[in-house]
Every structure is written in C-alpha cells, then in structure tokens.
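Please read these numbers as outputs of a predicted model, since none were measured by experiment. To find a chain, count down the sequence lines: A is the first, B the second, and so on, and within it residues start at 1.
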Amino acid sequence: MKLTKKIVGALAAITLLFAGASTNSFAGSHSKFPSKTIEMTVLFGGTAKSVGQLVAKGLEKNLGGTVVPVSRPGGGGAVGYKYIQSRPASGYDIVWNSNSVSTSHHRGRTSFNYKAFTPIAAMSIEVPVLAVKSGTFNSVKELADYAKKNPGKLKVGISGKGAFTHLTSAIIFDTLGAKVTYIPYGKGKAPAELLAGRIDAAVQWPGQFRSFHKAGQLKMLAVTSQERIASDSSIPTMKELGYKKVDVTMWRGLAAKKGTPKAQIKALEKAAEAYANSAEFKAASKKIGFTINYLNSKQFGKQIAKDDKKIKKLMKDLGLAKKAK
Amino acid sequence: MENLITALGLIGTFEVMIAISIGAFAGIIFGAIPGLTYSMALALMLPFTFTMEPVTAISLLLATYIGGMTGGSISAILIGIPGTPSAAATVSDGYSLTKKGDASIALGTAVIVSTIGGFISLVIMIVLVDFISQFAIKFGPAEIFMLVLFGFSTICGLSERSLFRGLVAGVLGLMLMTIGTDEIEGISRFTFGSTQMLQGVNLLVAMIGLFAVPHILEVFNLRLNREDKTNFEVDIVKTKLPSFALLKKYFNLMLRCVGLGTSIGAIPGSGGPIAAFLAYSHAKNSEKNPEEKEKYGKGHIGGVVAPETANNAVTGGAMVPLLSLGIPGDPATAIILGGLLIHGLSPGPMLFIENAPQVYSIYLAILIAYLVVFIFQVNFIKHIVKILKVKPHHLGVGILVMVIVGSYAIRNSFLDVNVMILMGLIGYFFNRIQLPVTPIVLGMVLGKTIESEYRTAMSLSAGDPTIFFSSVVSLLFFGLIILTIALQIKKRMQDVKKQKQLKEQVQI
C-alpha cells in the first residue's frame with residue numbers, strides 16, 4: 001500500500017532526524033568553538049521570547065555557528081535554570097536570563113542562586129511604568145496624596161504576587177509612603193481593567209499602554225528607571241519627580257553554567273557585543289520598546305549581584321521569601 | 001476607503017500571496033496531525049517573519065492561525081482525535097459520521113461552515129470593532145466568572161449517559177488544572193518539591209493523551225486478538241461533498257453560532273473551546289424534533305455544523321481584544337501579538353489611526369486566508385479520506401510517534417511526555433468503565449479561567465461575594481444559569497417518571 005510506505009518513510013525520516021540530533025550533541029568539543037549547535041534556553045513567552053529569538057539570530061551571525069532558541073517555560077524561570085544546571089558546562093547550553101534568577105531563588109524554587117551561573121553579557125533593560133486612567137489622577141503626587149488619605153483603598157493591578165510588576169509596585173508605593181491593595185490578574189489585561197475603572201492604577205510595561213496614552217485614554221505617570229527611556233521619552237522618571245529611591249529595571253542577558261571554559265565565554269561575549277551594537281538590534285529596540293544596555297561579563301556580574309541583594313531584601317519585606325528544600 | 005485601497009496595494013503582492021498560501025497549508029497540516037498543534041507552527045514560523053515586510057509577516061501568521069483552526073477538525077472527524085482543543089466538541093458527532101461512512105460529508109460540512117463562520121464574524125468585527133471593544137471592556141473578572149459558570153451549567157447537560165458520570169470527569173479536569181505554579185499568589189501547588197512539576201499539566205498535552213492513547217491501545221488490542229478489521233459499520237469510503245440543501249437546512253443554526261462565536265471570541269480570556277462546546281449544546285437543545293435530538297452524539301451533522309461554525313467565528317471576534325486592547329485570547333493569538341509588536345504595530349486605539357492601512361491589510365489577509373484554506377481543504381478531502389483505508393494498526397504506529405514528539409515539543413519538557421502517557425492511560429481506563437473523557441478537557445479549559453477570575457473578583461471586592469451580582473451582565477448570566485439547571489432537573493425528573501410508568505406497564 002502506497003500510504004503505508006509513505007508513513008514508514010516519514011517515520012524513518014523522523015528517526016534519522018533524532019539520530020542526527022543526538023550524534024550532533026555528542027560531537028567533539030575540543031576544536032573550534034562553536035563546532036556544534038548552541039542551545040539558548042528561553043524562560044518566558046512574550047517580549048522575553050521575542051527579544052531572545054532576535055538575540056539568538058544575532059549571535060549566530062557574529063559567531064559563525066547555529067544558535068537555537070528553545071522555550072523551557074515554567075515556575076517563573078526555575079524550570080529553565082534547572083535545565084541549564086543539569087547540562088555540562090561546555091558553552092553549548094546558554095540561557096537568556098533576567099532578574100528571575102534572583103526571584104526564583106529567593107522564592108524557594110531553585111536551591112542554587114545566581115552564583116551557579118557565569119555571566120556572559122547583559123543585552124537590554126525593560127522599564128516598568130505606572131499608569132492610570134486619564135482624568136483620574138494627573139500626577140504621581142495626586143495619586144500619592146489620595147492613597148495616603150485613603151489607606152488600602154487604591155487598587156493597583158499587578159500580574160501576580162511575586163511577579164516583577166508586584167516587586168516594582170511595592171518599591172513605588174513604599175517610597176510614596178502609601179498603603180494600597182494589590183489586585184493580581186491575568187497577563188496583559190491592565191489597559192482594559194484601567195479603562196473600565198475596575199482598578200485605579202497599574203504597573204506594567206510601556207508597550208501595553210503606549211497606544212492608549214497617545215489616544216488620551218490612559219496616562220503613563222512615571223517610569224521607574226534612573227533615566228528616561230528612548231521609546232517613551234516624554235514620560236518622567238520617578239527620580240525626576242523627587243522619589244530618588246525608585247530605581248527598578250528588568251535586565252536581560254546571557255549566562256552559562258558556572259565552570260564554562262573562559263575561551264567559550266569570551267567568544268560568546270564578543271558575539272553579543274557585536275550584535276548589541278548593530279543597527280538591527282537598535283531598530284528592534286525601538287519597535288518592541290526595550291532599551292539596549294550592553295555590559296560585558298564582569299560588569300554584568302556586578303549588576304546581578306547588586307540586584308540580588310535588593311530583591312532578597314524586598315521579598316523578605318513582602319513576606320514572599322522562602323528557602324528551597 | 002483610501003485606507004482600503006492602500007491596504008489592497010500592500011496585500012496584493014506576490015510575496016503576500018505566497019506567505020498566505022504557505023501559512024494556510026502549514027496551519028492545516030499542523031492542525032490536522034494529532035500531536036502537532038498550530039501554536040507550534042506559529043512558534044516555528046515567528047523567527048522567520050522578523051526580516052519580512054510587516055504585512056507579509058502578519059499575513060503569514062494569520063493564515064497559519066486560520067489554517068490550524070479549520071485543520072483541527074480533520075483528525076477529530078477522521079480518527080476521533082481532536083487536532084486542537086477547539087475541535088474537541090466536533091469529535092462525538094464527526095467521528096460517528098465517519099464510522100457510518102460519511103467522513104467526506106462531515107469534512108466538507110466542517111470546511112464550508114468554518115469558512116462561512118470565519119467570514120461573517122470578520123465582517124461583524126470590521127463594522128462593529130468600536131462597539132465590540134466597548135462591550136468587551138464591560139466583562140470584568142466577575143462577569144467572566146459568571147459566563148464560564150454558565151458554560152459549565154449548559155455543558156453538564158451534555159453528558160450522554162448520566163450527569164453523575166459527566167461531573168466525575170469534569171471535576172477531575174478541574175483538579176488537574178490546579179497542579180503547578182499558581183499565577184495569582186505565585187505559590188506552588190501539588191508539585192511535591194519537583195521543579196519540573198512547576199510547569200503544571202498542559203491542556204494540549206492532556207488532550208493529546210486522553211484522545212490519542214486510548215485510540216492506539218484499542219487498535220493494537222484488536223490486532224492482537226486477530227480481529228483484523230476496522231470498527232466501521234461500512235467499508236466503502238465515499239468522497240461525496242455535502243449538498244446545498246443540507247447546508248441550507250442548517251443556515252439558521254450557523255448564523256446563531258456565528259453570533260455566539262464572535263461574542264465569545266471578543267471577550268478577553270475566553271476562546272475557541274468554550275465557544276465550540278456552547279454552540280454544540282445550543283444545537284442539541286434547540287432541536288425540536290425528539291428523533292433528531294436523539295441522534296446527537298451518534299452522528300448528527302448539526303453536531304459538526306455548530307462547533308465548527310462557532311470556533312472559526314472566534315477568529316474574527318478574537319481580533320477585537322487583540323488589536324484594540326492587546327489581550328491575546330489563547331497561546332496562538334499570543335504569538336501573533338508577538339509578531340505585531342516586533343513589526344512596531346502596538347495594539348490599542350492608535351493602531352486604528354496611525355496604522356490604518358496595516359489594520360485593513362490584516363482584515364484582507366484574514367479574508368484571503370479563509371479563501372485559500374477553503375480551496376486547499378475542499379481539494380484535500382478526496383485524498384485525506386483515503387487515510388481510512390490504511391490499516392488501523394499502521395496508522396496507530398504513526399500516531400504514536402507523532403503524539404510523543406508533539407507532546408515533548410510543546411514546552412521541550414519530558415514531563416509533558418510522561419503526563420501525556422499517564423493521561424492516555426486514564427483515558428483508556430475511563431473508556432473501559434464508560435466514563436466520558438470530553439468533560440476532563442472541558443474542566444481543564446474552563447478551570448483555569450474560572451479559578452483566576454473568581455479570585456481576582458474577590459480581591460477586587462475585598463472578599464465581598466456580592467460583586468458577582470452587581471452588574472446587569474452578571475445578573476443576566478446568573479438568570480441563565482438558574483434557568484438551565486432548572487430545565488435540566490425538570491427533564492431528568494420527567495425521564496425518571498417515564499421509566500417508572502414503563503416499568504409499571506410491564507408489570508401489569
């Protein structure tokens with residue numbers, strides 16, 4: 001029977017594919033780097049994934065080998081970090097990481113912390129923004145005054161307890177000295193909930209609010225970075241408004257398992273730098289709405305360590321900290 | 001008008017047409033093969049679209065989405081394994097029709113009503129986008145909770161043998177959905193300290209297991225017992241398409257299902273499966289003739305028309321929250337959102353002002369994609385029904401490979417392969433003790449939404465349950481729930497009475 005043959009053929013092809021893949025990953029690793037496919041673990045969907053896919057393509061171009069982005073979502077990054085730890089420290093398994101390396105550890109989801117990874121390079125930062133419905137509050141000060149007068153009444157939308165937007169909100173409202181109620185809801189619903197008036201304020205990424213801000217339906221009050229962001233340069237920073245303590249950004253970069261040979265890290269770092277400076281990455285940053293922030297391995301390591309301290313304290317204060325068994 | 005002409009210029013290029021054809025084809029294939037999903041096709045394609053022109057890229061993604069949505073019905077009808085969750089409602093009647101030898105009529109109907117459903121919903125969406133997005137915003141957590149609860153109450157009535165059996169399976173689905181990281185509080189539930197388990201049970205993985213594994217086991221079982229024949233009532237596979245008269249008969253039902261699908265699609269956070277199941281139960285309940293009603297679940301063409309119209313009508317509706325609010329309804333639209341963002345098209349009110357030509361191109365791309373999908377599928381039916389001539393155990397081996405590869409590929413996780421096999425064994429066991437498996441899928445589809453919306457609503461009201469009765473929309477749904485349950489109780493009591501009378505008559 002013809003179709004049976006076809007099916008058998010297809011099966012054979014699939015088997016070959018698998019066999020090909022497995023011999024590939026056990027090929028000799030002493031010669032030139034990379035001599036086989038590099039797997040880049042991506043921990044989240046959404047912007048993290050889109051930018052990750054771009055970076056993988058960019059690395060490929062500057063490294064002269066194949067870099068495949070592979071999604072391993074779950075547990076706020078824990079699943080992917082653990083996968084990297086289970087692999088040999090050869091440089092062929094890298095991770096598109098973020099502050100989640102600290103949050104997942106202090107949440108008790110991973111037994112290891114950021115020190116189990118060797119930083120390669122920081123690539124970008126994304127900056128959360130505080131937004132309200134137009135006509136409700138015109139400035140951060142108005143919002144703060146109302147929240148202080150009515151403790152616990154202001155409803156602030158976050159993605160979920162312990163999510164990065166929750167931590168950012170906690171820093172903002174602690175600095176403002178106001179007690180508010182956090183409403184965790186599904187991802188991406190902030191604009192709709194604000195428009196409907198079910199929540200009073202929300203902390204999310206600028207891309208979600210930009211179009212509504214331009215149309216005059218929602219108002220972005222302030223960003224949480226030290227400097228204004230290029231994609232939304234009309235929005236002031238919390239620092240400019242006098243709340244100097246607010247300095248929160250979500251960084252993204254590349255890391256490998258600790259113990260990866262120096263030569264491999266250097267090669268990857270160089271490729272990352274070349275891509276970070278490319279016109280292509282610049283164009284993407286404008287469209288997607290992130291800020292390019294290249295740091296080399298050493299600088300990146302310092303940033304991660306500094307951030308980890310901050311996150312550790314914050315999660316303890318919020319009662320979210322937990323130790324892994 | 002000017003925008004429409006600009007859009008025609010953007011879309012009327014050779015590359016865009018090629019992109020739509022490739023997308024439609026890949027979508028159908030990925031949607032039709034059990035184990036592969038069109039979300040996977042979209043994820044694979046996304047990186048290639050980075051370097052394309054925005055309109056070409058979005059057209060490719062949209063065509064894949066639409067091809068997948070219609071393709072999911074192919075395997076549901078031919079082998080009783082839904083290719084996508086949205087096609088799960090089509091299985092019972094579609095597969096029964098195949099067993100009777102009417103596979104090509106079921107497939108043809110599915111293709112035609114899908115196209116009509118998609119077309120009309122798109123037109124509704126283009127004309128009423130502002131109105132619909134205003135309507136969509138009205139649905140807060142409390143309203144969505146009530147809607148899903150209403151869904152549950154109607155669907156409970158669907159279980160064929162007994163309400164009790166349906167509920168057992170449905171509750172199992174609800175329980176499975178609680179495993180993993182809880183998005184709201186960020187805590188781990190039922191993970192037993194395992195990092196892998198934080199991923200939870202994936203809906204697609206569970207569905208693949210529940211439907212495919214029992215099928216494979218059954219086929220091998222027959223083979224081992226030397227019963228080397230198919231369990232079909234007829235051996236001849238006809239390749240007849242549905243007649244015009246047949247379609248005309250169900251035109252009213254189609255229109256109602258389009259309305260249902262478009263509205264459900266427009267409400268943020270719900271989606272294809274809910275629409276399909278609601279449409280199915282609507283079709284069954286609105287059937288006046290008791291003889292015809294009896295046929296539902298045993299191969300009634302209305303049981304294909306309703307869910308297939310509704311799940312494709314969702315595609316038009318889903319464009320509203322996607323384009324005007326930036327809220328994706330399911331994993332597939334989330335990937336399309338990623339594609340939009342990469343090309344600098346950020347959703348919201350300004351998209352319709354600043355990028356009007358692109359928005360019109362999106363509409364046109366959907367229209368053309370439906371046409372292409374229609375042409376592909378109608379020509380495809382003649383060939384695809386031949387798969388029924390393949391010996392079932394040969395086909396079984398192929399399916400086995402696809403479902404294992406497919407369940408791994410969804411999240412590149414071996415946990416998912418194990419879950420798939422475990423769910424498959426549960427499915428097999430359920431078939432043996434005559435418990436239905438579809439309610440498990442339903443429990444899983446609705447479970448996550450119902451839980452998170454309930455908890456968000458309760459935190460909005462600071463723990464005050466009256467929030468569920470504080471708006472017209474939620475009160476309306478509450479009324480519908482009461483009505484549905486009352487009618488079901490009434491019907492079941494009548495049935496019991498009838499049986500009693502019958503028994504008494506026999507005794508006399």
request  = Please say whether more than 12 non-hydrogen atoms of neighbouring residues, nucleotides or ligands are located less than 6.0 Å from NZ in K219(A).
outcome  = no
CZ/F44(A): more than 12 non-hydrogen atoms of other groups inside 6.0 Å = yes
Given heavy-atom pairs under 4.5 angstrom as the criterion, report whether the side chain, backbone, both or neither of [X] touches chain B.
X       : result
K49(A)  : side chain
E193(A) : side chain
Q217(A) : side chain
K214(A) : both
P73(A)  : both
A284(A) : neither
L54(A)  : both

Roughly how far, to the nearest 0.5 Å, is the [atom2] atom of [Y] from the [atom1] atom of [X]?
X       : Y       : atom1 : atom2 : value
K138(B) : L195(A) : NZ    : CG    : 12.0 Å
Q208(A) : L341(B) : CD    : CG    : 9.0 Å
Q196(B) : K82(A)  : CD    : NZ    : 8.5 Å
S324(B) : F212(A) : OG    : CZ    : 6.5 Å
L345(B) : K287(A) : CG    : NZ    : 9.0 Å
F50(B)  : Q53(A)  : CZ    : CD    : 4.5 Å

How close do [X] and [Y] get, counting heavy atoms only, and between which atoms?
X       : Y       : answer
A192(A) : I327(B) : CB-CD1, 3.8 Å
T195(B) : R109(A) : OG1-O, 4.1 Å
E453(B) : K189(A) : OE2-NZ, 2.9 Å

task = Could you check which of G74(A), A215(A), S211(A) has the highest count of heavy-atom pairs closer than 4.5 Å to chain B?
result = S211(A)
Under 4.5 Å from any heavy atom of chain A - which part of [X]:
X       : answer
P321(B) : neither
E354(B) : side chain
A43(B)  : both
I137(B) : both
L46(B)  : side chain

request  = Go through P47(B), G326(B), G339(B), S346(B) and name the one with the most non-hydrogen pairs under 4.5 angstrom from chain A.
outcome  = P47(B)
query = If you count heavy-atom pairs under 4.5 Å between each of M350(B), Q199(B), H343(B) and chain A, which one has the most?
reply = M350(B)
Counting distance only, does the side-chain N/O of [X] pair as donor-acceptor with the main-chain N or O of [Y] below 3.5 Å?
X       : Y       : value
T456(B) : P184(A) : yes
S459(B) : I183(A) : no
N412(B) : R72(A)  : no

message = Walk me through whether V79(A) and L415(B) qualify under side-chain contact (heavy atoms from CB on, under 4.5 Å).
response = CA-CA 11 Å; V79(A) 172; L415(B) 173 82; over 6 Å; no
